[in-house]
Amino acid sequence: MYKEDISGRVAFISGASAGIGEATAKSLASNGVNLILAARRIDKLENLKNSLEKKYKVKVKIIKIDFSKSEDIVNALNSLEDEWKNIDILINNAGLALNKDIYSNNLLEDALQMIRVNCEGLITATRILLPFILKSEHGHIINIASTAADEAYSGGAIYCATKSFVEMFGDALRIELIDKPVKVTNIKPGLVNTEFSTVRFKGDKGKADNVYKGLEPLLAEDIADNIEYVLTRKSHVQISSMTIMAENQATATMAYRNQ
Ligand code: NAP
């Protein structure tokens, strides 16, 4: 199978302290990609940096950023040193769902936080980093949307809306960048067993475990594997969108559970 050599490129990954972002950092480092990793939990990023630099001899820069605060994103990214401005790949991954209550019962603060991180944070980082990516000969923006972008469900009014926003934003960017060497891919994972459900249910492990009960969910590494595939196609091949489900999952809400 063809695999483009992406070693020496620079990727920025938001939300790299856990789950899909962390797995993607490992996979890209194993391909010789230098990394800028951002999240709030700087201790986790520090450990990841140390292990990736040692194991793969790549350069890793870590930045503590709260993606719910657009001003913090602007300040942090505008103060990147020149040597880190040659960004080729942007992976917009930081995101979350909070709660699964119907909207009339939902906490407004939860709704606003999802919109801040999943939408405002993502477009802010993209706006600041896009001028750098436009200087690359192999630019690539990867947005982590969700199967929730395609299908509304009860309890997901805001989460589904934010992921639909992410998908439309990516699709519009692809049109705007049609004459530039920049690809745009929307990745839409189904059920992935990460900290996602623990965060959604605010630490309630019972509720979080139920999400994956009776089936074999995807792992963060499965999504990272597909991101690696998307990034290593021939230069003229652009994968616009990829939906990845667990074997026993058919839609965002329909899954067969052996229980
Ligand atoms: P996860 O294990 O909870 O990881 C989420 C990452 O986002 C963490 O690194 C977290 O870092 C970061 N993040 C959250 N809020 C942030 C904030 N305010 N500022 C900075 N970083 C923040 O979840 P995951 O499953 O890997 O999720 C990654 C992406 O995949 C999300 O966009 C999610 O919506 C999407 N997705 C997940 C699934 C799934 O089933 N798991 C399915 C479809 C799509 P800190 O906490 O250290 O800040």
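Note that ligands are numbered from 1 as they come in the structure, with each ligand's atoms numbered from 1 the same way.
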Legend entry - Polar side chain donor-acceptor pair, Thr126 to Asn92, under 3.5 angstrom: yes

Item to check | Salt-bridge contact Lys163-Glu167 (side-chain N to carboxylate O under 4.0 Å) | outcome: no

Within the 4.0 Å heavy-atom cut-off around ligand 1, the contacting residues, ordered by chain and number, are Gly15, Ala16, Ser17, Ala18, Gly19, Ile20, Ala39, Arg40, Arg41, Ile65, Asp66, Phe67, Ser68, Asn93, Ala94, Gly95, Val117, Ile144, Ala145, Ser146, Tyr159, Lys163, Pro189, Gly190, Leu191, Val192, Thr194, Glu195, Phe196

- Task: Could you tell me whether Lys202 and Asp110 have a side-chain N and a carboxylate O separated by less than 4.0 Å?
- Result: yes

So, are Arg116 and Glu109 salt-bridged, with charged N and O less than 4.0 Å apart?
yes

Taking the six-membered ring for Trp, are the ring centroids of Phe196 and Tyr212 within less than 6.0 Å of each other? no

### Query
Counting heavy atoms not belonging to Lys61, are there more than 12 under 6.0 Å from its NZ?
yes

